[in-house]
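From a predicted model like this one, the values you see are computed outputs, not experimental measurements. A, B, ... follow the sequence lines: proteins, then strands. Residue 1 opens every chain.
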Protein chains: 2
Amino acid sequence: MRNMNSTDTSSRGEQTRHALIDAALKVFGQAGFDAASTRSISKAANVNQALIGYHFGGKRGLYLAVFGHILSQITEHMAPVIVTVSDRVEGFSEDVEMRRQEALEVLIVAFNGLIEMFGRADSAAWVRLIVREQQDPTDAFEILYEGMMGRMMNMMTMLVSLASDLPEDSEACRVRTHMLVGQVLLFHIARGTTSRHLSWSGLSPDNINTLKEQFRLSVEAQFAPGAAFQ
Amino acid sequence: MRNMNSTDTSSRGEQTRHALIDAALKVFGQAGFDAASTRSISKAANVNQALIGYHFGGKRGLYLAVFGHILSQITEHMAPVIVTVSDRVEGFSEDVEMRRQEALEVLIVAFNGLIEMFGRADSAAWVRLIVREQQDPTDAFEILYEGMMGRMMNMMTMLVSLASDLPEDSEACRVRTHMLVGQVLLFHIARGTTSRHLSWSGLSPDNINTLKEQFRLSVEAQFAPGAAFQ
DNA sequence: GTCTATAGTCGGATAGAC
DNA sequence: GTCTATCCGACTATAGAC
């Protein structure tokens, strides 16, 4: 029954690694790096505490491995969105007004991808970890930013530029892109205020749809041909 | 030289309390509740470690006292804004279109107050603490929400309602208000991404002005009479 | 109200048997 | 690769002198 092939991803060691990363994601997300103890993580993973040292070199190594895992999950989810965007950008019209309209549509598609990703049930733990890292970024944040987030921000900036009159490399364009991201992400970041002000507990599929709908309305107004989007 | 009056706010004990709260604000903000040690706080405050127990009952008590301090600072800063808003709302025109325009102006004033408050140099430490509490709120967050943030969110919601066709108690109105807050706050919350994507280190007065300017443009577009703000 | 000293706890790491 | 046992440092809280 046991598979001796060392490349088998279900070998005993691999199972242990997976169990630890999975448990660490939850425990680190819940408690933060310092408050999370290796004892509680190993207990949640049903694995011996000493194995954290063996497999990851220590608590910090496990933490970084968790971010590697988050990166692969985000990449997996956003890859199709990025492909769609790339494809459609290539086919954009030569006509300025038409291109703006096309870019706006693609922009909404891209942000919907973002909203859906963070609407996934298992993303709540990621968000906590990412938000904590944002406060003062360490190597763990580098993994995410270099691996995916930077690319995504640049893609969004390009779409904002194409959907407006702002040059892609202008500060205004980047600021406005950041603001759009803020419109979406605050619901995930500021759980405390969200749940009280909106009486939303967590983010149900209904809540996600409301978010997408209201975001679309907001963006369409901001990028309307007549809008003072200079 | 020494003042024996027990109501004197500069008595030795008061000085100690202040020094501890001040140091705790910085250290808790930097490291988070668990990673911050009472030793490092008392050292930063130039005060004996045992005095945390004496004055605040323990580490947790000091943490709550810090939030009380943040609340008083926020209240102090936002009080004049709230007064201005209240005054101007009372004088709003009967005419629907005019009132929308007036409400939009006041809305921008209110948000500028928010932007300025979080632009203050000393607010960086608050933001860290507030963001951490948002993840899973405790008594400390209650202090802020009950004391100020809930009131502010309701005020913003009222202004959004008056500046649009959305009923004040509708979900859409609250969601859109939340999105506006997100547009502003992400710059403070997501330092890691902000600094990389915008090449902003911290938030200089120039950055704050850019923020206010771009926010105004965004809001004017969203609330333009022709906009699909249903 | 302040200080020193310490009790009591817990956490991360690791040696060494299997 | 896994497990037990343990070391050792760091932490909070507090007793008790001043």
Does anything in residues 36-49 of chain B reach DNA chain D, meaning a heavy atom under 4.0 Å, and if so which residues?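 Nucleic-acid contacts, sorted: Ala36(B), Ser37(B), Thr38(B), Arg39(B), Gln49(B).
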Does [X] have any side-chain contact (heavy atoms from CB on, under 4.5 Å) partners at least two apart in sequence or in another chain, and if so, which?
X	answer
Ala35(B)	Asp34(A), Ala31(B)
Ser123(A)	Phe118(A), Arg120(A), Trp126(A)
Val184(B)	Phe111(B), Ile115(B), Phe215(B)

For atom [atom1] of [X] and atom [atom2] of [N], their distance in whole Å:
X	N	atom1	atom2	answer
Leu20(B)	dT12(D)	CG	P	13 Å
Asp34(B)	dA10(D)	CG	P	18 Å
His18(B)	dG1(C)	NE2	C1'	17 Å
Leu51(B)	dT12(D)	CG	P	15 Å

Residue-level proximity of residues 52-64 of chain A to DNA chain C when a heavy atom falls under 4.0 Å: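 DNA chain C contact set from residues 52-64 of chain A: Gly58(A), Lys59(A).
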Under the side chain to side chain donor-acceptor pair (under 3.5 Å) rule, collect the residues that match up with [X], sequence neighbours excluded.
X	answer
His188(A)	none
Arg60(B)	Thr138(B)
Glu171(A)	Trp200(B)
Glu116(A)	Lys212(A)

Sort and list the pairs that fulfil side-chain hydrogen bond (donor to acceptor under 3.5 Å, both in side chains) and have at least one residue in residues 70-79 of chain B, not counting sequence neighbours.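 Sorted result for residues 70-79 of chain B: empty, none.
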Going by side-chain hydrogen bond (donor to acceptor under 3.5 Å, both in side chains), name the pairs with one or both residues in residues 43-58 of chain B, residues two or more places apart or in two chains.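 For residues 43-58 of chain B: Thr38(B)-Gln49(B).
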Pair Tyr63(B), Glu133(B): side-chain N/O donor-acceptor within cut-off below 3.5 Å: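 Judged by distance alone, the side chains do pair up.
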Between Ser10(A) and Gln15(A), a side-chain donor and acceptor under 3.5 Å: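 Their side chains do not contain a donor-acceptor pair, so the 3.5 Å distance test is not met.
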Tabulate protein N/O versus nucleotide N/O from nucleotides 16-18 of chain C, keeping only pairs under 3.5 Å, one per line.
none

Can you check whether Thr16(B) has a side-chain N or O nearer than 4.0 Å to OP1 or OP2 of dT2(C)?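 True: Thr16(B) side-chain N/O within range (under 4.0 Å) of dT2(C) OP1/OP2.
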